[in-house]
Structure formats: structure tokens, C-alpha cells
2 protein chains.
Amino acid sequence: MGGRAVGAKDSRGRRATLQTVADEVGVSRTTVSNAYGRPDQLNKDLRERIFDAARRLGYSGPDATARSLRRGRAGAIGLLFTETLSYAFADPYSVGFLRGVAEVAEASGTGLLLIPMPPRAYGPAGDKDAPVPPGNDDPETAVRNAVVDGFCLYCVPVGHPAKALIRARGLPMVTTDERDDPSIPYVGIDERASARLAAEHIVRLGHRRVAVMVDQVVAPGTSGPATVEEQLASDCGDLQGRLGGYRDALEEVGVDWRSVRVVAAGRNSRSAAASAAAHFLDVADRPTAVLAIGDVLALGVLDACEQRGLVVGRDISVAGFDDVPEAERARLTTVRQPMGEKGRIAGRLLLEPPEEQKVPRIKLPTELVVRATTGPAPH
Amino acid sequence: MGGRAVGAKDSRGRRATLQTVADEVGVSRTTVSNAYGRPDQLNKDLRERIFDAARRLGYSGPDATARSLRRGRAGAIGLLFTETLSYAFADPYSVGFLRGVAEVAEASGTGLLLIPMPPRAYGPAGDKDAPVPPGNDDPETAVRNAVVDGFCLYCVPVGHPAKALIRARGLPMVTTDERDDPSIPYVGIDERASARLAAEHIVRLGHRRVAVMVDQVVAPGTSGPATVEEQLASDCGDLQGRLGGYRDALEEVGVDWRSVRVVAAGRNSRSAAASAAAHFLDVADRPTAVLAIGDVLALGVLDACEQRGLVVGRDISVAGFDDVPEAERARLTTVRQPMGEKGRIAGRLLLEPPEEQKVPRIKLPTELVVRATTGPAPH
DNA sequence: TTGAAAGCGGTACCAT
DNA sequence: ATGGTACCGCTTTCAA
């Protein structure tokens with residue numbers, strides 16, 4: 001066997017390019033380019049000769065970046081997360097959504113670029129149309145440098161500068177946040193009405209003393225009870241929607257929302273929720289029901305109840321949101337939302353931007369799934 | 001307020017570029033470029049004036065693709081999966097690994113490009129040094145078009161053409177497959193020795209009739225018992241390693257490996273494992289112990305046992321591998337491997353390629369974690 | 001069928 | 001502190 005192909009350098013140690021191959025074969029760059037990109041534009045023999053030469057020279061085909069530049073297409077879409085990527089993968093709900101996006105991306109040969117946007121202080125929200133003053137470091141840099149054809153926003157707070165930046169780049173985006181800028185295509189669920197389903201179920205079972213578990217209200221990592229003002233100040237649309245739904249159902253039967261303990265776990269994790277549950281589990285007037293804005297949190301509450309010897313479904317009721325796979329195993333009452341479908345639609349919206357002038361706002365159906373963790377209010 | 005900034009087009013409907021801004025301000029492209037990339041190269045006033053003009057023109061900063069081309073750096077690393085992306089996210093082990101990679105990528109402002117390589121037939125493995133004949137569609141296209149600075153291979157079969165392609169592109173890569181080409185930097189664990197820990201534990205408890213649960217041997221989706229020949233023909237290094245470890249320990253105490261039922265779930269999922277478990281659970285000479293090559297599979301076996309009223313740890317023993325978070329909750333005996341650390345090291349290897357000539361081959365420590373699912377062999 | 005020339009949008013080096 | 005100039009590697013008219 002001859003000398004083994006070394007990296008992708010030509011004999012003089014330079015990376016082989018189209019030109020290198022063209023010279024070797026004695027044709028023009030165009031022809032070589034065509035050999036790869038438009039096989040029908042040249043005769044089969046020549047094409048073979050070109051590939052031969054390419055192989056010999058260690059040329060592995062047109063450079064991806066250069067091609068992207070010239071074509072004006074990156075061949076990838078960006079997934080923008082607020083959370084550290086690390087956390088994004090921790091919730092089965094996120095994973096379900098991601099899978100949906102991935103499916104359609106895959107099908108169209110498009111890559112998925114994960115873009116972390118660690119929660120950081122960012123300036124006041126005003127002046128949304130003006131591109132963010134450049135020169136900042138994170139997270140603007142990430143958005144600006146992303147080689148993508150569009151962005152899928154996932155849990156990006158209302159008013160986040162990334163949106164202005166993306167718009168300024170002239171790239172399409174899609175959000176899953178109901179309360180977001182109406183000019184951004186949206187796919188999601190009716191958060192408020194869906195949350196209401198869970199709360200109505202609880203109310204129907206006779207519960208009047210309820211607590212609510214959320215991931216975070218004021219700032220990431222801050223756990224404990226949150227005041228009504230703090231709740232309303234949150235910049236997370238989903239949170240607002242779900243709390244609103246709970247509130248609707250509870251106020252309808254005369255429960256004062258201020259009497260409802262809303263507790264933040266600090267982050268969206270089972271163990272954090274289990275700890276934070278102490279805020280309402282270990283007090284005198286323990287609630288008879290707990291509404292968690294996500295299943296992962298609900299599972300944590302379940303853990304906490306178990307630790308305290310409470311029989312869930314009898315001594316206390318717990319309802320979640322999402323219907324992640326674990327929910328079934330835990331017999332958790334919850335609200336099912338089609339996370340995979342949400343992701344697929346989001347992906348499609350990005351890959352095949354609809355013709356119509358109207359900004360798409362798609363709402364997917366949800367459904368209450370009653371299992372074993374909810375039961376009649378004690379006494 | 002004035003007309004709102006429309007996308008990123010200038011007054012004549014063209015995308016604004018460096019030049020546009022330069023013309024507007026009356027400076028050269030270089031200066032504008034410096035305003036963004038090297039703030040210290042020009043005076044503050046001018047910089048402000050440039051940003052002003054940029055804002056006015058709807059210019060959102062240097063184009064990512066162009067910058068990548070010129071700089072010769074993509075600012076992202078590719079994550080190559082064999083599985084459909086969809087499955088990749090389903091296993092907490094993968095997620096853990098991914099988080100590790102993500103962490104270091106994040107820290108260095110590097111993006112993560114997910115590249116799906118759906119299992120498809122690909123030609124014979126021979127001739128690994130020759131770049132794959134171009135012109136094919138998937139999955140070569142994905143690798144060739146990926147705008148990245150390096151690749152992290154994750155569960156890519158030995159001999160997969162992607163490797164030759166990456167080498168031909170002259171990009172660095174790292175694998176987690178022990179049996180892979182020794183010229184590819186590697187980080188992982190001693191699969192064989194680690195699996196042996198689990199099997200030895202089982203043997204020590206007196207078990208001699210054992211079954212093994214794997215995800216897939218011959219082809220994805222094919223479930224059921226696998227012959228020894230099929231096992232040895234698998235192109236998945238991890239599988240081979242773990243089976244080898246089990247075999248070592250069992251043969252050491254005189255168990256004939258051919259008597260060990262090795263059952264494939266068809267895919268790496270809890271429910272698939274639960275179903276496939278019927279192949280050894282519902283037969284006359286039911287094994288007293290089950291070794292699963294991954295926790296997700298082990299959890300499925302646990303489900304299957306529960307369905308049949310078997311008390312795990314007494315009637316039958318089950319040991320997993322990985323030590324995913326759920327394992328603790330299920331009190332599963334397993335082998336712990338540092339998945340996050342594995343990911344971090346892989347990421348680092350890619351981002352800061354070591355100086356040394358030697359190809360890095362890093363083995364991380366593992367440890368047997370004995371919980372409640374294993375007990376003495378009955379009788 | 002093949003080739004020449006003109007960019008795609010920037011960055012880096014070297015002068016000024 | 002600025003600007004000129006070359007070039008990153010490819011694709012795409014358009015003409016031969």
C-alpha cells in the first residue's frame with residue numbers, strides 16, 4: 001500500500017482545495033465544484049477522474065464554511081436555551097421537545113446547533129427594536145456567531161435581547177412562549193387554560209387549601225415562597241400563564257389567591273422540589289393539595305410526601321404538568337401536552353417558512369390525565 | 001419614533017454589510033471590523049459613531065459564516081450519534097455525557113452541533129484510510145457539511161465511514177469507543193473490567209444461571225436471544241467489552257458462556273427491555289440473576305419482574321451498568337461510571353488538543369455500587 | 001460540456 | 001489610530 005493519506009494536506013503541506021484538485025486534473029475549479037454539487041453537469045469519466053485525484057490529494061470535498069458563505073445557507077438551525085445546556089437536558093419535557101425539533105431537522109438534513117444562554121443579568125427590556133449595542137460578550141456573542149439559518153427559542157424570557165439580535169440578523173425564529181412578542185411565530189399550548197384544568201380538578205375534589213410549586217420566580221437558584229408581586233413580575237411567560245390558570249380556577253370557588261402559598265424550588269429539578277416542599281409541608285396549616293407547574297417538580301413533591309409518611313392521593317393530592325414518561329409510572333395526575341409535536345411544528349416553521357403574511361400562532365391541544373396522586377380533600 | 005428597523009436590509013433592500021457601514025461613516029472596512037473585533041484598535045468616539053451607523057442601517061455585526069471562513073474557525077464542535085437524535089436524548093447516560101461536553105463547550109463559547117447518523121447500511125469496513133467516495137447522500141453529507149472545528153463521536157460503530165471522512169477533512173475527533181481505531185483520541189472506561197465487577201458480584205452471591213440483557217446485537221429493532229457468533233460479530237465496541245467482562249467472570253467459575261441467554265431488547269429503552277425480558281423470565285429454567293449492559297435496560301427488567309410478582313433481590317437478582325440517577329431510586333445494583341466527566345474530558349480534548357505526539361487514551365475509574373436488587377442465589 | 005470572472009462578507013498583515 | 005490589499009474557498013451566472 002502506498003503512503004497513507006495524511007490529514008488533508010497536499011504534497012506541500014497545504015490543505016487541498018478545489019483549485020488543487022482542478023490543477024491536478026487539468027480542469028477548472030468550476031468543473032470540480034460541479035463534480036461534487038451537480039453531477040449531471042459533467043461526464044461520468046471526468047467525474048471519476050476528479051474523485052480519483054481528490055482521493056489522491058486527500059481532498060474531502062468542498063469546505064463546509066466556504067460553501068455556506070457562498071450559498072447563503074448554513075444548513076443548521078439554532079436552539080436557544082436560557083438554562084445552562086446542562087439543565088436543559090435534565091427535564092424529560094425539554095428532551096421531548098428537542099426530539100421533535102430534531103426529527104424534522106434530521107429529515108431535511110439540517111443540523112441542530114445548541115446555544116446556551118446561561119441566565120445572566122441583561123439590561124432593561126425597553127427599546128426592543130434597536131439592535132443590542134454590540135461589543136458585549138455573552139450571550140449576544142453566541143447568537144451573533146451562530147452559523148444557522150434560523151432560531152428556535154426555548155424558554156427565553158420575554159424581552160430578552162437575543163430576539164432583537166436575531167431580528168437584526170434577519171433570520172427567522174420561532175418561540176414557544178405564549179406571551180412573547182406577537183411578531184414572532186409561535187407554537188405552544190394555551191398555558192392558562194391548561195393549567196386551569198389541573199386546578200379545576202383539584203377544586204372539584206373539594207380542595208381549598210392548596211400550594212403551588214414552581215421552578216423559579218425572581219432569580220434562578222432562589223427558593224422559597226414568592227409574593228404575588230414577585231409572581232407577576234416574572235419574565236417567564238409560561239410561568240405566568242400557568243399561575244394564571246390556577247388562580248382562575250381557585251378564585252372561581254372563592255379561594256383568595258394570596259392565601260395560596262407559591263413556592264419556588266430554585267431550579268427545575270426533582271430534588272430541589274423535594275427540599276422546597278418543606279415550605280408548605282412542614283407547617284401547621286398544611287395544604288391538602290399541591291399544584292406543580294411541571295412534572296419534574298411534582299415528582300419531587302411526591303418524594304417529599306413519601307419521606308414524611310404522607311399517603312399521596314389520600315392525605316394530600318398532587319398534580320403536575322407535562323405528562324413526562326415518569327409521570328405514568330408514578331401514577332401522577334397531570335396535564336398532558338404534546339411536547340414532541342410542539343417540537344416538530346417549531347422545526348417545520350423554521351425550515352419551511354409559511355408563505356402567508358400572518359405570523360403563525362399555533363396552539364396545540366392539552367388534556368387532563370387523572371391518575372392516582374389526586375383524591376378527595378380529607379375530611 | 002422613526003420607521004422601525006426592518007430586518008437587516010439597508011435602504012435599497014440589500015443586507016447591510018461591513019462596507020455599508022464603512023461607507024456611511026466614511027471609514028474603511030477594516031476600521032468597522034476592528035470596531036467589533038478589536039475595540040482597542042480605534043478610539044472610543046469613532047467606535048460609537050460606527051455602532052450608531054450600524055444601528056441606523058440595521059447592521060447586526062459581522063456575518064458569522066464569513067467570519068468563520070476568514071478566521072478558519074467554526075466556533076462549534078460536532079456531536080456525532082449513531083442513533084436517531086431522538087433516542088440519543090432518551091437515555092440519562094447519554095444525557096449525562098452530553099452535559100459534560102456541553103459544559104466545557106459553553107465555558108469556551110463554543111457551540112454544539114448535533115449530527116444525527118441514523119443507522120443505515122454502509123459499505124464494508126475495509127480500506128479505512130481512503131476517503132469515502134464522495135457523492136453519496138446521507139450520512140456522509142452531514143459530516144461533510146458540518147461547520148465545526150472537531151467531532152465528538154458517540155456510539156459510532158467501529159469502521160464507520162464517518163471516521164475516514166473526518167480524518168480527510170483534517171479535523172480532530174475523539175471517541176468513547178475502546179475498540180476504535182487507536183489513532184483516534186479516546187476517553188472512556190475499561191468496559192470489560194467494569195462489566196466484570198458486576199458479574200463477579202453476582203457470581204459471589206452464588207448465581208450460576210444468569211441471563212444478559214443488551215440493547216441490540218445484530219440490527220436495531222431486532223429483539224430476542226442472540227447467539228455467541230452474533231455477539232462477536234457486533235460492531236459496537238462497548239457491547240463487546242461488557243459482554244467480555246461478564247463472560248470472564250462467569251467462565252472463571254465454570255459457567256459455560258453458551259448457557260448464558262443473551263437477549264436483545266431491540267433498542268435501548270425501558271419498555272423494550274421489559275418486553276424482551278419475557279425471553280428468559282417466562283421459561284422453565286429461569287435465571288437467578290440478570291445482567292443488563294445499561295441501567296435503562298435493567299430498569300425495564302425490574303418492571304418485568306414486578307409484573308410477574310417476582311421479588312427482586314430475593315427471587316431474582318438484577319444488576320445494571322452506568323448508575324443513572326433513576327438507579328438510586330430503584331435501589332439498583334450497578335456499576336458507576338463518571339459520564340459527566342467523560343463528556344468534559346472529551347470536550348476538552350477537542351477544544352485544547354494536547355501538544356504531545358501520543359494519541360491520548362484516557363480511562364476513567366468505575367466502581368461497583370451494591371444496592372438492593374441483588375441478593376444471594378435462591379436455594 | 002467546460003471555463004473565466006465576479007463575488008459571498010470578512011479579517012489580518014503591513015503600511016501610513 | 002486608520003486604511004489598502006490580498007485572500008479565505010467556494011458557487012454561480014454567462015459566455016465559449
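All chains are named by letter (A, B, ...) in the order of the sequence lines, taking the proteins before the strands, and each is independently numbered beginning at 1.
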Exercise. Any side-chain N or O of Ser33(B) less than 4.0 Å from the OP1 or OP2 oxygen of dG10(C)?
Worked result: no
Problem set entry | Gap between atoms CZ and P, on Arg38(B) and dG10(C) respectively (whole Å) | 16 Å
Exercise. Under 4.0 Å: is that the gap between some side-chain N or O of Asn34(A) and OP1 or OP2 of dC10(D)?
Worked result: no
For this session: Would you tell me whether Thr20(B) and Thr17(B) have side-chain atoms, one donor and one acceptor, within less than 3.5 Å of each other?
Result: yes
Problem set entry | First of Arg67(A) and Leu46(B) reached from the 5' end of DNA chain D, by closest nucleotide | Leu46(B)
Exercise. Can a side chain N or O of Ser28(A) be found less than 4.0 Å away from OP1 or OP2 on dG3(C)?
Worked result: yes
Problem set entry | Rounded distance (Å) that lies between atom P of dA12(C) and atom CG of Leu18(B) | 12 Å
For this session: Tell me which nucleotide among dA12(C), dT13(D), dG10(C) gets nearest to the side chain of Arg71(B).
Result: dA12(C)
Seminar exercise, completed: Rounded to whole Å, the CG-P distance (Asn145(A) to dG10(C)) equals 12 Å
Exercise. Do Thr30(B) and dG4(D) have a side chain to base donor-acceptor pair shorter than 3.5 Å?
Worked result: yes
Exercise. Counting only side-chain N and O atoms of Tyr36(B), is one of them less than 4.0 Å from OP1 or OP2 of dG9(C)?
Worked result: no
Exercise. Can you check whether Val158(A)'s main-chain N or O pairs, donor with acceptor, with Asp235(A)'s side chain at less than 3.5 Å?
Worked result: no
Problem set entry | Asp181(B) and Ser183(B): side chain donor to acceptor below 3.5 Å | yes
Exercise. Counting only side-chain N and O atoms of Arg70(B), is one of them less than 4.0 Å from OP1 or OP2 of dG9(C)?
Worked result: no
For this session: Begin from the C-alpha positions of Leu80(B) and Met173(B) and carry the test side chain to side chain contact (heavy atoms under 4.5 Å, CB included) through to its verdict.
Result: CA-CA 10 Å; Leu80(B) 228 55; Met173(B) 58 182 147; over 6 Å; no
For this session: Under 4.0 Å between any heavy atoms, over every strand shown, what does Gln19(B) touch: base, sugar-phosphate, or nothing? Just pick one.
Result: nothing
For this session: Check whether any side-chain N or O of Thr31(A) sits under 4.0 Å from OP1 or OP2 of dT2(C), and answer yes or no.
Result: no
Exercise. Atom CG of Asp23(A) and atom P of dT2(C): how far apart are they, to the nearest Å?
Worked result: 17 Å
Exercise. In whole angstrom, what separates Lys44(B)'s NZ from dT2(D)'s C1'?
Worked result: 19 Å
Exercise. Using the ring of each side chain (for Trp, its six-membered ring), is Tyr154(A) parallel, tilted or perpendicular to Phe97(A), with breaks at 30° and 60°?
Worked result: parallel
For this session: Please check the phosphate of dG3(D) (OP1 and OP2 only) for any side-chain N or O of Arg29(B) closer than 4.0 Å.
Result: no
Exercise. Can you check the Asp63(B) CG to dG9(C) P distance for me, whole Å?
Worked result: 7 Å
Exercise. Taking the side chain of Pro62(A) as heavy atoms from C-beta outward, which of dG10(C), dG9(D), dT11(D) is closest to it?
Worked result: dT11(D)
Problem set entry | Arg49(A) bridged to Asp52(A) by N-O distance under 4.0 Å | no
Problem set entry | Options dA12(C), dT2(D), dC10(D), nucleotide nearest the side-chain atoms of Leu42(B) | dT2(D)
Exercise. Roughly, in whole Å, what's the span from CZ in Arg73(B) to P in dG9(D)?
Worked result: 17 Å
For this session: Please state how far atom CD1 in Ile50(A) lies from atom C1' in dT2(C), giving the value in whole angstrom units.
Result: 10 Å
